[in-house]
Structure formats: C-alpha cells, structure tokens
Amino acid sequence: MAPLIQIRNLVKTYRDVLAVDNISFDIPQGACVGLLGPNGAGKTTTIEIIEGIISATSGQVLYKGQSRSDAFREEIGIQFQQTSLLAFLTVRETLETFRSLYARSDDIDELIQLCHLGDFAHRMNDKISGGQRQRLLMALALINMPELLFLDEPSTGLDPQARRNLWDIVRRVKTRGKTIVLTTHYMEEAEYLCDDIIIMDHGRVIARGAADELIKAHCGGAAMTFPPDGIIPVLDRLDMTYRTGDGRVEVFIEDVNSAVRRLLDAGADLSAMVIRSPDLEDVFLKLTGRELRA
Amino acid sequence: MWVIFVARNREFYRDQAGLGWNLLFPFLIIVGFGVIFGGKNFAEYKIGVFPIADKPATPAQLRIPERFKQVQLLEFVPFADQAQGLAKLKHHRIDLLLKAGTNPPQYWISEASPKGYIVEKLLLGALQPPGETLAVKEAVAGRPIRYLDWLFPGILGMNMMFSTLWGVGYVVVRYRKNGVLKRLKATPLRAFEYLTAQALSRLCVLFFSLVVVWIGCDLIFSFQVAGSYLDLAVVFLCGGLCLIALGLLLASRGTSEEMTSGILNFISWPMMFLSEVWFSLEGAPDWVKAVAKIFPLTHMITAARKVMNAGAGLGEVRLELIVLLLFTVICLTIGARLFSWNK
C-alpha cells in the first residue's frame with residue numbers, strides 16, 4: 001500500500017536559522033509514527049509543515065500520492081502544543097462549534113465519553129485543569145473523524161495519571177485504524193505508543209525504526225554500569241567503548257557472558273556492577289549527546 | 001461561518017463586564033453632558049463681589065448695577081474683602097472683581113485673561129443708558145437645535161469607533177497571539193469566512209448597543225430626529241462597516257497586544273478629536289480640516305448630523321456614504337490580503 005504521507009527534501013529556514021534541513025521520509029497508512037528529538041530539533045516545524053500550517057522553504061509533502069488539496073483539511077485532526085480556546089464557551093459548545101466547521105463529524109457524546117469529558121462538559125473552557133484541557137484538545141482533533149491525526153507533545157506538562165489517561169485514549173484511537181503522527185520528548189511515551197520512531201536533531205533525521213530495533217542497533221543487548229573507581233583503565237586496556245555520567249561508567253555490550261568473562265580475566269572488580277536492558281533513552285542520549293541545549 | 005458568528009456573539013454577551021461597559025459608557029457621557037449643559041445654573045463667567053459679610057447673598061440683594069445682574073451666563077461670588085477677591089482674580093478663579101455700592105462701579109480684571117476682557121465689555125454694555133438702539137436683534141429662524149442634539153450623533157459615532165476598533169482589531173490580534181487562529185487554520189475554515197463572521201457579529205453588537213443607548217437616552221432627553229430613522233440606520237450601517245473594516249485591517253498582522261493597543265490609540269484619539277465628536281472644526285486651520293477628512297468617523301458623523309439635525313435624505317448624504325463604502329472596500333481588500341493566521 002502506498003504511504004499516506006510522503007515527505008521529499010523538506011527545508012525550512014527562518015531568516016538565518018535552518019530549522020529543517022532537507023529531510024525525506026514516508027508515513028505508512030495505519031502507523032503511529034513518533035518524531036523524537038531534543039528541544040529545538042525541528043519536530044514542531046516539521047509536523048506543522050506536514051499539517052499545512054506553515055509553508056516549507058522548499059521540498060514537498062504528498063498526501064495519498066498527491067499534493068495536498070482543500071480536502072486534506074477535512075481529513076486530518078490536529079492537537080497543537082499551545083493553543084487557547086475560544087473564550088466564554090463551555091466544553092460542549094466548543095465541540096459543537098468545531099464540529100460545524102467540518103463536512104463530516106463524529107458524535108459529540110461518543111467523543112465526550114472517549115476522552116472522559118463528561119464531568120466538565122458544561123464548564124467554561126478557561127475553568128478546566130491542564131489534563132482536562134489536553135483531553136478537550138484531543139477531542140477537538142478527533143471531531144471530524146480524521147484519517148490522519150497529529151499530536152504535538154500531547155502530554156507535556158501533565159502529571160503521571162493524566163499522562164496515562166491520555167495514552168489510553170491514543171491507544172484506543174489507534175485501534176480504530178487511524179494514522180497518527182506525534183512529537184514528544186518523553187521516551188516512554190514514544191516507546192509505549194509508537195510503532196515507528198524517527199529521531200531528529202538539528203533539523204535532520206538521524207535514526208528511524210521501531211523502538212526495539214533502534215535499541216538493538218545503537219545500544220546493543222545490555223548495559224553494564226560500574227562505579228568509576230578502577231574500572232576505566234581496564235576498559236581502556238580492553239578497548240571497550242564506555243560512557244560516563246551520573247557518577248557511573250556505562251558500557252553497552254552484545255553478549256553479557258563474554259563481556260563478563262573478559263572483564264574478570266582482566267582483573268576487574270565486578271562486585272558493584274549493575275546490568276540492565278538499554279532503553280530508548282540510551283539511544284536518544286547516544287545519538288543526540290548529553291549536553292544541554294539552549 | 002455561521003458558527004463562528006454565533007461563537008463570537010456568545011463570547012460577547014457572556015463577557016458581562018465588556019457588555020455593560022459597551023452600553024453604559026455612551027449612556028453615561030450623554031447623561032453627563034445633559035446634566036451639565038441642560039440645567040439652568042450653568043455659568044460661563046464668574047464675577048467676584050465685595051464686601052459681602054454675611055453669606056449667602058442672592059444676586060438680588062447685591063448693590064451692583066441692576067442691568068448687569070440680569071445678564072445671562074454670569075455667576076456672582078461673594079467675598080468679604082478686596083484682598084481675598086484679588087487673590088482669586090490673580091489665579092483665574094474668577095473673571096472680574098466688582099466693588100459693591102460704588103457709583104460709577106469700581107472693578108478689577110486680570111489683563112492676562114481673555115474672559116476678563118469679555119466680562120469687562122459685558123459690564124460696560126450693561127451700564128449703557130437704555131433706549132438707544134445700537135444694533136437690531138434678529139432671531140435665528142427655524143427649530144432650535146440643542147447642543148445635546150448636535151452632540152449625540154458624535155457620541156454614538158465615537159462609541160462605535162471604540163467598539164469596532166477594539167472589539168475587532170484587538171480581539172483578532174489576541175486570538176492570533178494565543179493560538180486560537182492557528183487552531184482555526186487547521187480546520188477547513190477560510191480567512192474570508194472567518195473575517196466576515198467577525199465583522200457581522202460586531203455589526204450586530206453595534207446595532208444592539210446603538211438601539212439600547214438610543215432608547216435609553218431618548219427616554220431622558222427626547223431627541224428630535226429631523227430626517228427618517230431608516231436613513232439614519234443606513235448611515236450608521238455604512239459607518240459601522242467602514243470602522244470594522246479599518247479594525248480588521250489593523251488586525252491583519254501582528255501578535256503584540258501592546259503594539260496593537262498603541263496603534264489603535266494612535267488612530268482613535270486623533271479621530272475622536274478631529275472628527276467633530278465634541279466640537280466643531282469651523283474656523284480651525286485648513287490642514288486640520290484636511291486631516292479630519294481622512295478619517296471615516298468624520299464622514300459618518302457629518303452624515304448622521306445632517307440626517308438627524310437638518311432632516312437630510314439619503315440623496316443629500318450620498319457623498320459621505322460613498323466615501324465610507326469606498327473606504328470599507330479598500331480596507332477589507334488590503335486587510336484580507338495581508339491577513340495571517342500565524343504568529
């Protein structure tokens with residue numbers, strides 16, 4: 001099946017800042033694709049170009065193999081990172097207002113149920129909590145029964161319960177066969193929701209694949225950590241690559257047995273060693289570095 | 001388009017404070033002016049009289065020339081002695097100081113005060129022996145137009161100006177800044193539909209407040225409308241459209257509320273003073289009149305006054321109407337072209 005979205009050589013510059021640097025990728029039908037990257041990596045710019053909110057400096061975006069027509073707006077749903085809502089409307093009225101903007105629309109009561117809006121459907125927009133707001137924005141994104149759903153950092157600023165709650169909603173939407181594109185900088189969110197992850201940095205795509213593929217490809221089979229004293233000369237001698245940080249030395253290895261044997265043979269003290277499976281965060285930090293971004 | 005119209009209307013009437021202010025403000029101004037100018041005890045010049053020991057003294061008891069007492073627009077302020085009166089005169093709190101019981105009357109004025117000069121002439125005129133006909137008085141023919149009748153269209157116009165420029169311009173900029181416009185851009189809604197809905201909503205609000213204020217003020221002052229109400233409505237409709245278009249043009253770009261607020265003030269204040277809302281520009285320098293002609297408010301108020309005070313028909317104000325409509329089209333065209341949903 002042809003990809004739902006094809007992105008070809010996309011470039012976006014703001015004055016002298018290169019925000020998106022010649023990227024190309026496809027989004028297959030029915031997938032949940034996560035755009036992952038540090039702040040300022042170009043995630044939001046990319047997703048907004050695909051949405052048609054901002055225009056690209058060059059390159060093209062194809063929807064169902066063609067350039068986007070007016071019908072595109074009818075078939076997508078968007079949850080923005082930061083948008084206010086129309087003032088002095090209740091939650092239900094907001095949904096009704098937005099419903100009328102589209103040719104086809106979902107049943108409002110069903111949406112209220114799906115997104116758990118029932119308790120405050122009659123409250124004013126500006127009198128609801130952050131989690132409630134985020135669920136309302138989600139309901140607004142779903143109101144036209146979109147084929148393609150964009151979620152820009154849907155759970156930023158939410159507490160763990162509210163975040164889980166939102167994830168449940170996204171998962172339920174996924175089971176309805178919708179294609180989802182989401183940006184996030186929460187690794188567990190990407191791991192939990194996305195079948196396909198695109199890691200961006202400095203406006204470029206630096207890695208792509210399913211979470212476990214990425215972990216396997218970039219961080220091997222396991223991560224061993226040690227207290228820093230004494231282990232570094234041994235690692236140097238064995239020519240094993242390691243990473244330091246958080247007061248620990250970390251080594252990514254393919255096979256635990258052979259690695260442990262080599263270290264013991266070299267006389268290393270393994271009594272304080274911890275072995276864990278690497279996660280997406282390890283991949284992310286390995287690929288994008290540890291230094292703080294402005 | 002209809003839903004945006006409805007949403008905007010809801011927003012307006014639920015914003016109770018804004019609603020109250022929109023209706024109350026013009027009403028207060030009219031009532032205020034009615035009280036100030038409508039009453040009998042309105043004095044233009046203040047005459048100090050001394051020595052008056054026991055207050056209060058009615059003008060009839062003052063020992064000053066009888067015919068001077070009868071001059072209208074004068075208020076007599078008693079003082080105990082000359083020093084007190086002179087001090088007030090020096091600081092322009094009174095315009096002329098008169099010593100009671102003197103013949104010929106002894107008086108002081110401040111040479112620096114133009115009002116003092118006028119009152120001096122009034123006093124001297126009052127002292128002239130009667131009977132001699134120096135000038136012949138002719139009445140102004142026709143129904144008198146009260147100051148309030150003249151002022152009212154101006155106040156309504158000014159209120160419309162503030163309501164449109166801020167109600168449309170400021171609101172759209174705020175929505176752009178906080179992302180409401182961005183959210184709407186993600187829907188199939190078109191810019192033209194959105195702006196039209198905003199304009200129509202504001203127009204409804206304008207007419208609603210216009211009618212309420214009109215009825216309220218009419219109950220108190222009973223305005224006289226020489227022309228037809230329908231013609232007046234047409235004039236206000238054209239003017240309202242024009243001002244809304246101006247508001248939309250100003251709001252077509254920009255995300256800074258402070259900046260927009262500055263621009264709106266920059267435009268609305270000169271418009272308020274130069275569009276003959278408060279006073280006539282008769283006798284003002286030509287360049288001021290030329291500047292005033294640029295403002296749509298001038299034309300709307302001129303047309304409204306012609307209809308209300310002079311009983312003009314639509315044919316007689318067609319020039320103003322054409323200017324207003326032309327201005328509307330120009331503003332809308334440029335505004336729609338410049339309009340941006342994004343920051």
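So you know, we letter chains A, B, ... as the sequences are listed, proteins then strands, and number each from 1. What you see is a predicted model; the values in this text were computed from it and never measured. Atoms considered below: every heavy atom in the structure, side chains included; atoms not considered: hydrogens, waters and symmetry mates.
Between chain B and the options A:Leu140, A:Asn144, A:Ile78, the largest number of non-hydrogen pairs under 4.5 Å is found for A:Ile78.
Rounded to the nearest 0.5 Å, atoms CZ (B:Arg183) and CD1 (A:Ile53) are 8.5 Å apart. In this structure, OG1 on A:Thr97 lies 9.5 Å from CG on B:Leu184, to the nearest 0.5 angstrom. Within the model, atoms NZ of B:Lys185 and CD1 of A:Ile54 stand 8.5 Å from one another, a figure rounded to the nearest 0.5 Å. Between atom CG of residue A:Leu101 and atom CD of residue B:Glu193 there is a gap of 9.0 Å, rounded to the nearest 0.5 Å.
Across A:Tyr102 and B:Ala186, no two heavy atoms sit closer than the pair OH-O, 3.7 Å.
With a 6.0 Å radius and a threshold of 12 heavy atoms from other residues, nucleotides or ligands, A:Tyr14 has its OH atom above the threshold. The local environment of CZ in A:Arg123 is crowded, with over 12 non-hydrogen atoms from other residues, nucleotides or ligands closer than 6.0 Å. Within 6.0 Å of the CZ atom in B:Phe266, the count of heavy atoms belonging to other residues, nucleotides or ligands does not exceed 12. Within a 6.0 Å sphere centred on CD of A:Gln113, heavy atoms belonging to other residues, nucleotides or ligands number 12 at most.
For chain B, the nearby part of A:Phe98 is the side chain; its heavy atoms alone come within less than 4.5 Å. For A:Glu48, the part sitting under 4.5 Å from any heavy atom of chain B is the side chain, from C-beta outward, and nothing else. With a 4.5 angstrom heavy-atom cutoff, B:Arg174 does not touch chain A via any of its atoms.
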